[in-house]
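For reference, the structure discussed in these notes is given below.
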Number of protein chains: 2
Amino acid sequence: MRIGELGRTVGVDVETIRYYEREGLLPPPARAANGYRTYGPGHLERLAFIRHCRALDMPLAEIRRLLAFVARPDAACDDIDRLIDEQLARVRARLASMQALEQQLIGLRALCDSSHRAADCGILHELVAAAHGEACACHPPQG
Amino acid sequence: MRIGELGRTVGVDVETIRYYEREGLLPPPARAANGYRTYGPGHLERLAFIRHCRALDMPLAEIRRLLAFVARPDAACDDIDRLIDEQLARVRARLASMQALEQQLIGLRALCDSSHRAADCGILHELVAAAHGEACACHPPQG
DNA sequence: GCTGGACCCTGTTGTCGCTACAGGGTCAAG
DNA sequence: CTTGACCCTGTAGCGACAACAGGGTCCAGC
């Protein structure tokens, strides 16, 4: 199996596969006489594993840690739990800040809903007022 | 006003201010005899505007567009509305995908909650199963 | 035999929004 | 006269790729 077929099968770009190899996430495959990379089912499985973890938005460093657990099945799995918990905490923190951001944008959008000149635009006024340090819908006094 | 005072006042790192100047977001200030940058109230206002927009997670390219509107107050503000709408759409799309991700991680976490060997870890099994293309809690059949 | 196009290779550079140096200059206080 | 805070330019790094440049390889069709 060559790199193109592997990429199509797993749904990963060819350049990304080579990148994972450079980064040590995927072991270097055998080479054909012409220098082409030749992959086996083990590579396919490992790449699919990486892709799945990436779909869960895990950074490559954490995937590396997980791959180490796959290789050592006798280790305690407390660390795996902790890894997922950390990941969940990060996602939730990011979620909260994005929800706040959504509210700010909704407030800003409500200030302008008809067609007029930029000079009278509530959105622009609000942003400029913020620049003056005045109270604004985006950054109310309570923080 | 020198760069350090400007940075402290607005709450922007000194290196970031120089970066904004390089990127053309902030006009090059006058220089003192010793070469130090010398800022006036106009710079302060503009930098605060940028900072506020960045707090709304706008990419620098969009802030550039907004700054162009501030400079031309007679332009129609439809584009400003559209810009905020686009921003809101991006935030909401990201929000939806992060909520899905949170659910996937919760499902994954539920598979393992006691101390045992990695070989028996439900999380690891699930991730490996995903690598085999089998149905999994993270990527259920309906997509 | 020869050409076109799909595929493969290595290596470098670009993306975004900073951040962190390295290696120097300037200035006021002690 | 030295210390330390501040300033300068320029370059490299981050994460996770994407997008080339500039080549080699292979197979089908004419």
Side-chain angles (χ1 to χ4, degrees), chain A residues 1-26 28-40 43 46-67 86-87 90-91 94 97-98 101, chain B residues 1-26 28-40 43 46-67 86-87 90-91 94 97-98 101:
Chain A
M1 196 182 213
R2 291 186 308 184
I3 197 168
E5 193 186 346
L6 177 65
R8 272 190 305 278
T9 305
V10 181
V12 174
D13 192 271
V14 165
E15 309 258 22
T16 302
I17 296 175
R18 285 195 278 251
Y19 170 72
Y20 287 162
E21 184 182 331
R22 278 200 302 282
E23 293 299 303
L25 283 163
L26 212 52
R31 298 287 184 139
N34 54 14
Y36 290 8
R37 288 171 179 82
T38 308
Y39 295 96
H43 287 101
R46 195 177 171 104
L47 180 59
F49 181 92
I50 295 171
R51 196 197 93 81
H52 188 72
C53 292
R54 282 297 298 144
L56 294 174
D57 209 25
M58 287 187 201
L60 295 188
E62 296 215 347
I63 299 176
R64 230 182 294 262
R65 284 170 61 194
L66 267 185
L67 283 168
E86 285 166 18
Q87 173 73 6
R90 267 202 304 279
V91 166
R94 182 92 182 113
S97 83
M98 294 219 70
L101 175 53
Chain B
M1 195 181 213
R2 291 187 307 184
I3 197 168
E5 194 186 345
L6 178 66
R8 271 190 305 277
T9 305
V10 182
V12 173
D13 192 90
V14 165
E15 309 260 22
T16 303
I17 296 175
R18 285 195 278 251
Y19 170 72
Y20 288 161
E21 183 182 333
R22 278 201 301 281
E23 293 299 303
L25 284 162
L26 211 52
R31 297 287 185 138
N34 54 14
Y36 290 10
R37 288 172 179 82
T38 307
Y39 295 95
H43 286 100
R46 195 176 170 105
L47 180 59
F49 180 92
I50 296 170
R51 194 196 94 81
H52 188 72
C53 292
R54 281 298 296 145
L56 293 175
D57 209 24
M58 287 187 201
L60 295 187
E62 296 215 347
I63 299 176
R64 230 183 295 262
R65 284 170 62 196
L66 267 184
L67 283 168
E86 285 165 18
Q87 173 73 7
R90 266 202 304 279
V91 166
R94 184 90 180 113
S97 83
M98 293 218 70
L101 174 54

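So that the names make sense, note that chain A is the first sequence line, chain B the second, and so on, each numbered from 1.
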Where along residues 2-17 of chain B does a heavy atom come under 4.0 Å from DNA chain C, residue by residue in number order?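 DNA chain C contact set from residues 2-17 of chain B: B:E15, B:T16.
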Expressed as a whole number of angstroms, how long is the span from [X]:[atom1] to [N]:[atom2]?
X: B:R18; N: C:dC21; atom1: CZ; atom2: P; result: 15 Å
X: B:L60; N: C:dG14; atom1: CG; atom2: C1'; result: 16 Å
X: B:L47; N: C:dC18; atom1: CG; atom2: P; result: 11 Å
X: B:E23; N: D:dG10; atom1: CD; atom2: P; result: 15 Å
X: A:R94; N: D:dG15; atom1: CZ; atom2: C1'; result: 14 Å
X: A:Y19; N: C:dT12; atom1: OH; atom2: P; result: 17 Å
X: B:Y20; N: C:dG17; atom1: OH; atom2: P; result: 9 Å
X: A:E21; N: D:dC17; atom1: CD; atom2: P; result: 15 Å

Are A:N34 and D:dC26 close enough that a side-chain N or O sits under 4.0 Å from OP1 or OP2? yes
Is the distance from OP1 or OP2 of C:dC18 to the nearest side-chain N or O of B:R54 less than 4.0 Å? yes
Counting C-beta onward and ignoring hydrogens, is there a side-chain heavy-atom pair between [X] and [Y] closer than 4.5 Å?
X: B:Y20; Y: B:I50; value: yes
X: A:R90; Y: A:E62; value: yes
X: B:I63; Y: B:R54; value: yes
X: B:D13; Y: B:Y19; value: no
X: B:R46; Y: B:L67; value: yes

Backbone N/O of [Y] and side chain of [X]: donor-acceptor pair under 3.5 Å:
X: B:R64; Y: B:P59; answer: no
X: A:T16; Y: A:V12; answer: no
X: A:R94; Y: A:M98; answer: no

Thinking salt bridges, do A:R18 and A:E23 make one under a 4.0 Å N-O criterion? no
To the side chain of [X], which of [options] is closest?
X: B:R37; options: D:dT9, D:dA16, D:dT25; answer: D:dT9
X: B:R31; options: C:dG17, D:dA16, D:dC8; answer: D:dC8
X: A:Y36; options: D:dT9, C:dG17, C:dC8; answer: C:dC8

Just how large is the angle between the end axes of the helix from C:dG1-D:dC30 to C:dG30-D:dC1, five pairs per end, to 10 degrees? 30°
